[in-house]
Amino acid sequence: MGKEDAGITVSKNDDFSEWYTQVVLKAKLADYAPVKGLIVLRPDGYSIWESLRNTFDKKFARNGIRNGFLPILIPESLLGKEQKHFAGFNPEVFWVTHSGTNVIGDRLALRPTSETLAYTLYSKWIQSWRDLPLKINFWNTALRAEIKATKPFLRTSEFLWQEGHTVHSTQEEAEKEVMKILDIYKNTVEEELAIPVTTGKKSNKEKFVGAVYTTTMESIMPDGKALQMGTSHFLGQNFSKPFEVKFADKDNVEHFAWQTSWGVSWRLIGAMIMAHGDDKGLVLPPKVAPMQAVIVPIYRNDEGKEAVLPKVEEIRKELESKDIRVHVDEREGLSPGYKFNDWELKGVPLRIEIGPKDIGKNSMVVAKRHNLEKISLSFTEIGKIPRILDEIQVEMLKKAREEAESNTLEISDYPEFKSKIEEGGFFNSPWCGKLECEEKIKEETGAEIRVIPFGSENANQKCIYCKEQSISVPVFARGY
RNA sequence: CGGGGCGUAGCUCAGCCUGGUAGAGCGCAGCGUUCGGGACGCUGAGGUCGCAGGUUCAAAUCCUGUCGCCCCGACCA
């Protein structure tokens, strides 16, 4: 490849979709698998997932949630036990129908989600109020056949996620858990990935089919489309009844339990790529970056090399002692310019350049990936690096928040809604609560209710569609 | 599922119409010169032309079938 197409060849503004795919592939986060709709994670991509997983695991543990493991095959008889749930997933289930040449009678589903399997076991494990609450999280993959065009991380037929399943003795406690999880999701996504989210409830139409209600966090992407970042469901007794998840209370009366389920997927990585990337490639938030700083030594000849490398090594060790994930680019035969572009493509937050000039001045050039700013730091100021990384993390969230705000509009006039929806964005528009209006709006504009933000109840306005009294001001948007 | 396009080197593609030695650029390997924003020269490796049949003295090229992938229209994290 020549200079022109060594990096990202399209602009994020001109062809967002192509830009996204190129960043994923060229930054070496993932690659396509031999089977349509499936992707392979490469170490830099998987490392981001591991980082998120570690953060979530710590927060889950603090909340009394432990990890377990569930098998991938679920018999059809189990999957069909909760009818609405089953109907919702049926078109996209992969089925295993043979073992070798033998036909399997009760065919096996590759899990689209594990509620039915988990709760079959839960009903065995739970007998008494003393067994509650039961809170288990599962890191695994789910499989859902995607007929429509797929996109790495955003829509694939198999995706990495976590699914948490909790059981409680009271409705109140279960509902509290739903909110607690949503809160963990929100602060993790904002603090680690630097992506602002809007939390609230899904409409009845958009909720998880098996749930009493679904809480969600939604983000707006730079192309104006909404992306669901995670959901936390209150299941009520919708599953505990068919699966007989029952417990004897202190008064020795048997009750059906109250349940929750919740999940986030590697879609979060896709959101991170879209939210922060630019025309030079990926931009990683320091907290999840596999490498936080890369040192590029520069020298012309052996003498230069001998002068530069010991200093580079010294700096590397100092940074490592401060728990900075640092890498030295020792590749021979590549020009500094090539390396700069290469690391920018891969999104490493800080690039440190050390060459003969710097040795003379006792300083180094530090380039920030997120704003392409270059500063000079003396070798004695190396202690500032961790703080700079923290600042970058904060600046990235701030910038993403400003962008999201500028893409959020208050619109109560339907013609205006229709004319502006083409450009995308989050539209805060009053709604009467009726399904017909929600459906008509979707049909006529492609926009759906992404989230009804907490605290958006409002009876003082008129529904944007039917002009009757509003009950809330949901976020309408076109989605991924 | 309905409509269009494409399968030739690791990647992007030319060659096919009009059958006759399988090509280019980039990438890759070695050597040398380079090195502060995508350096250059030389040498070299790398191919069952998606697969299976057929026509022919001869098939990447023509015919038939088949498989796979990509793009556009109804569901989902």
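Lettering follows sequence order; numbering is per chain, from 1. For the numbers below, each heavy atom of this structure counts, side chains included, while hydrogens, waters and symmetry mates do not.
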Mate of [N] where both pairing distances stay under 3.5 Å, Watson-Crick or G-U:
N     : result
B:C69 : B:G5
B:C35 : none
B:C42 : B:G30

Between B:A14 and B:C75, how far is it from one P atom to the other, in whole Å? 37 Å

Strictly below 4.0 Å: does A:S335 bring a side-chain N or O up to OP1 or OP2 of B:A39? yes

With a 4.5 Å limit on heavy-atom distance, are the side chains of A:T166 and A:Q259 in contact? no

Taking donor-acceptor contacts at under 3.5 Å, does the side chain of A:R351 reach the base of B:G37? yes

Looking for any heavy atom pair under 4.0 Å, which part of the strands does A:T156 touch: base, sugar-phosphate only, or nothing? base

For A:T214 and A:T216, test the side chains for any donor-to-acceptor distance below 3.5 angstrom and give the result as yes or no. no

Separation of atom [atom1] in [X] from atom [atom2] in [N], rounded to whole Å:
X      : N     : atom1 : atom2 : value
A:K357 : B:G36 : NZ    : P     : 9 Å
A:R155 : B:A74 : CZ    : C1'   : 13 Å
A:N341 : B:G37 : CG    : P     : 10 Å

Pair A:W161 + A:W49: ring centers closer than 6.0 Å: no

